[in-house]
Amino acid sequence: MSLMIHNTLTRQKEVFQPLDDKRVTMYVCGPTVYNLIHIGNARPVVVFDMLFRVLRKQYPNVVYARNVTDVDDKINQAAKDNGEAIAEVAGRFVSAYHEDIAALNTLPPTVEPFATDHISEMIDMMSTLIELGHAYAAEGHVLFHVPSMADYGKLSGRNQEDMIAGARVEVAPYKRDAADFVLWKPSTEDLPGWDSPWGRGRPGWHLECSSMIEKHLGETIDIHGGGQDLIFPHHENEIAQSQCAHGGKEYVKYWMHNGYITIDNAKMSKSEGNFFTLRDILAQAPGEAVRYALLNGHYRKPLDWSEGTLEQSKSALDRLYKALELAADVTVSDGVEMPEAVMAALEDDLNTPLALSELHALATALNSAAELPEKSQLKAQLLVAGQFMGLLTENAAEWFKWSANSDGLSDADIDALIEQRQTARKDRDFARADEIRDELKAQGILLEDTAGGTKWLRE
RNA sequence: GGCCGAGUAGCAAAGUGGUUAUGCAGCGGCCUGCAAAGCCGUUUACAUCGGUUCGAUUCCGAUCUCGGCCUCCA
């Protein structure tokens, strides 16, 4: 079975064939670090982490680059408001971002380039584009001249007439064509800037990705990913810059875009204010439950984030952890391979919901298996498959004790009450035993009497 | 206006031209002091209207509804 990927460029699923199977290259647009990331920003991080994991399994060398945009007008504004340098604002939110996504069990990318470390590469690319007649300088700006590229718009399926008809912004007087976009813009004294042949200025948004990809991955890469809202104009403009700077050479073989997260079926976005930060969500549930929620829908479909979303994911994971807990004393078989059904689901354009259902099938099989060799095998498969997907990395017993806050009963308090209940049960004082159980339940603690003693979990 | 996507049972969510998705919830049974958990069984589906077909939720066409991009945005 080979990896199938839905390519935005062709709007079809295609067999993935890397340019060089000794070095597979993938790039994903990362965050602009001017505040905490929200759950919508976390979706591509988790989705492409899953892809990275699949690719690493199939190819010996996968170079995964995910950038950080650390210069941008929103960062500039935040820095100005706080009276600090943009590097301080960016530094603070990069750390927060790293912490937040680590909680989702995402692997670090191979390279994490920062925009401000690549100003000279950007200047070089602009010089090339100007030389080749694809860009021009005007009033301190450098602009990409869209009509200089014959097939501009192929990713988003637009043509120039559409764009002019749909233009909702005033066209700046220095633009030769309404569709031209900014590569470089001048900075006044109070704004961060870098010296360039066109004066002191700062880069436009699209240029950094083209420059960093060229530097770290090459002129043509295998996979480029990001959210659907980046298709136009961001990725379209990246294609324009890179393809034109490289004499028409193909920029990206496979474009992949994840759907957005919605709230009440409306797109979550920072500018609309209808968003939940990942940090807030992580206070309500374990990171794995958040990861599960993101993987429980197919990456190309919209995912509505509602009140029950986390709860449902937590319950589904509880079931998997329960199977592991029931098999706690079963030794795990050595050298167990990834179960084929799980791998096949993931290879089919990352069908994570199907892969997760296979995890449940393994849990059911493990729960009902009677013989030890079979149990060892199934437990191993569940762990291998789950951990491949970045799940089931916790100790099962600890998982059920997860608590959103430190209020309420401590683990020791609970154990003490359970002890009292055990005594009551031994004395066949079931009224007292049930009373204690009800008291605990009122505090969100559920009990299970098993052969190995009484177990408890937090709801 | 142009382009793109979605509509599956109470909820979430896969998938398929004819056979159980899966999880949560519900119901019945086993188990249990009673529960819980687990196991077994089970009830609710494929927006609407046409067409193709022996047969369509699945293919084709139309319609309706919802959402997104065209401007910073994952």
Side-chain angles (χ1 to χ4, degrees), chain A residues 8 11 28-32 34 37-48 69 72-74 153 156-159 161-170 179 181 205 225-234 236 257-262 264-272 275 292-293 295-304 306-309 311-320 322-323 325-326 345 348 351-361 363-364 366-370 400 425 428-431 433-434 437-438 441 446-451 454-457:
Chain A
T8 308
R11 308 198 185 267
V28 172
C29 289
T32 301
Y34 67 99
I37 68 162
H38 60 59
I39 184 68
N41 302 118
R43 167 118 99 151
V45 179
V46 168
V47 163
F48 292 105
T69 300
D72 144 284
D73 287 349
K74 288 196 199 96
S156 54
R158 290 156 215 266
N159 57 45
E161 293 88 78
D162 295 343
M163 315 243 289
I164 291 161
R168 286 192 230 152
V169 271
E170 264 183 71
F181 60 90
W205 173 39
Q228 269 171 5
D229 45 1
L230 297 183
I231 295 173
F232 188 89
H234 185 51
E236 199 67 80
H257 293 95
N258 62 275
Y260 349 83
I261 293 201
T262 59
D264 296 328
N265 292 313
K267 183 187 171 190
M268 179 183 292
S269 94
K270 282 183 184 173
S271 46
E272 296 295 321
F275 64 89
Y292 191 103
L295 294 176
N296 196 217
H298 185 79
Y299 78 91
R300 279 190 281 116
K301 285 205 177 178
L303 172 60
D304 200 56
S306 60
E307 209 167 318
T309 306
E311 225 171 291
Q312 262 200 46
S313 302
K314 172 74 163 53
S315 300
L317 270 170
D318 280 349
R319 184 167 184 278
L320 301 178
K322 176 57 70 179
E325 191 186 45
L326 290 171
D348 184 14
N351 192 339
T352 50
L354 185 60
L356 292 176
S357 80
E358 296 297 343
L359 255 40
H360 283 282
T364 302
L366 174 57
N367 285 335
S368 48
F400 290 108
R425 289 181 74 206
R428 302 198 65 80
D429 180 0
F430 295 120
D434 291 351
R437 185 168 63 196
D438 291 344
K441 190 177 179 189
L446 303 181
L447 300 189
E448 291 172 23
D449 296 325
T450 72
T454 298
K455 296 221 158 55
W456 61 270
L457 67 141

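Predicted, not measured: the structure shown is a model, and the values here were computed from it. In what follows, chains are A, B, ... by sequence order, proteins preceding strands, each numbered from 1. Heavy atoms only: backbone and side chains are in, while hydrogens, waters and symmetry mates are out.
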### Query
Taking only residues two or more places apart in sequence, or in another chain, which ones meet A/Gln312 in a side-chain contact (heavy atoms from CB on, under 4.5 Å)?
none

### Query
Counting distance only, does the side-chain N/O of A/Asp264 pair as donor-acceptor with the main-chain N or O of A/Ala266 below 3.5 Å?
no

Please write out each protein N/O paired with an N/O of nucleotides 43-48 of chain B under 3.5 Å, distance rounded to 0.1 Å.
none

### Task
When you get a sec, tell me which of B/C39, B/G33, B/G15 is the closest nucleotide to the side chain of A/Ser368?
B/C39

#### Entry: side-chain contact (heavy atoms from CB on, under 4.5 Å) involving A/Leu326 - partner list, sequence neighbours excluded
A/Lys322, A/Asn367

### Message
Checking A/Thr450 now: which residues fulfil side-chain contact (heavy atoms from CB on, under 4.5 Å) with it, not counting sequence neighbours?
### Response
A/Glu448, A/Lys455

### Message
Nearest whole Å is fine: how far is B/C11 C1' from A/Leu303 CG?
### Response
14 Å

### Message
Using 0.5 Å steps for rounding, measure from the CG atom of A/Asn258 to the CZ atom of A/Arg300.
### Response
11.0 Å

### Summary
From CD of A/Glu325 across to C1' of B/A37 the rounded distance in Å is 9 Å

### Query
With A/Lys314, which residues qualify under salt bridge (Lys or Arg N to Asp or Glu O under 4.0 Å), at least two apart?
A/Asp318

### Side-chain N,O (A/Asn367) to OP1/OP2 (B/C39) below 4.0 Å
yes

### Task
Map A/Ala323 and A/Pro31 onto RNA chain B by nearest heavy atom, then report which one ends up closer to the 5' terminus.
A/Ala323

### Query
Given atom CG of A/Asp229 and atom P of B/A74, what is their separation to the nearest angstrom?
7 Å

### Message
Taking atom types as they are modelled, would you say the side chain of A/Asp72 forms a donor-acceptor pair with the base of B/C72 within the 3.5 Å cutoff?
### Response
no

### Message
Nearest to the side chain of A/Glu448, heavy atoms from C-beta on, is which of B/A37, B/A74, B/C72?
### Response
B/A37

### Task
Find the runs of at least 3 consecutive base pairs, i with j, i+1 with j-1 and so on, that include RNA chain B, using Watson-Crick or G-U wobble geometry with both distances under 3.5 Å.
B:1-7 with B:64-70, B:10-12 with B:22-24, B:26-30 with B:38-42, B:47-51 with B:59-63

#### Entry: Rounded distance in Å between the C1' positions of B/A56 and B/C49
15 Å

### Message
Distance check needed: B/A36 P versus A/Leu447 CG, whole Å only.
### Response
12 Å

### Message
Determine whether a donor-acceptor pair (N or O, by modelled atom type, separation under 3.5 Å) exists between the side chain of A/Asn351 and the backbone of A/Leu354.
### Response
yes

### Task
Using atom CD of A/Glu311 as one end and atom P of B/A12 as the other, report the distance to the nearest whole Å.
14 Å

What N/O pairs connect the protein and nucleotides 20-31 of chain B at under 3.5 Å? Give each pair on its own line.
from: B/G23; atom 1: N2; to: A/Gln312; atom 2: OE1; distance (Å): 2.9

### Message
Going by side chain to side chain donor-acceptor pair (under 3.5 Å), name the residues that satisfy it together with A/Thr454, two or more places apart in sequence or in a different chain.
### Response
A/Gln422, A/Asp449

### Message
Rounding to an integer number of Å, can you tell me how far A/His298 NE2 sits from B/U8 P?
### Response
17 Å

Under 3.5 Å, N/O pairs linking protein and nucleotides 4-6 of chain B:
none

### Query
Salt bridge check: are A/Asp438 and A/Lys441 linked by an N-O gap of less than 4.0 Å?
no

#### Entry: Close side-chain approach of A/Pro31 and A/Asn41, heavy atoms under 4.5 Å
no

### Task
Applying side chain to side chain donor-acceptor pair (under 3.5 Å), name anything that partners A/Arg319, two or more places apart in sequence or on another chain.
A/His360, A/Thr364

### Message
I'd like to know whether A/Lys270 forms a side-chain contact (heavy atoms from CB on, under 4.5 Å) with A/Tyr34, so could you lay out the CA-CA distance, the side-chain angles of the two residues, the decisive distance to 0.1 Å, and finally the verdict.
### Response
CA-CA 11 Å; A/Lys270 282 183 184 173; A/Tyr34 67 99; 3.3 Å; yes

#### Entry: Atom-to-atom span, CG of A/Asp434 to C1' of B/A35 - whole angstrom
8 Å

### Query
Rounded to whole angstrom units, what separation is found between the CG atom of A/Asp429 and the C1' atom of B/C34?
13 Å

### Query
Can you find an N or O donor on one side and an acceptor on the other, under 3.5 Å apart, linking the side chain of A/Arg437 with the base of B/A35?
yes

### Query
How would you list, by chain and number, every residue that makes a side chain to side chain donor-acceptor pair (under 3.5 Å) with A/Ser269, sequence neighbours excluded?
A/Ser271

## Note on the structure
Across all chains, not counting sequence neighbours, the side-chain contact (heavy atoms from CB on, under 4.5 Å) partners of A/Val28 are A/Met26, A/Phe48, A/Tyr64, A/Arg66

### Test item: A/Asp348 side-chain N/O and A/Ala345 main-chain N/O as donor-acceptor pair under 3.5 Å
no

### Query
OP1 or OP2 of B/A74 sitting under 4.0 Å from any side-chain N/O of A/Asn41?
yes

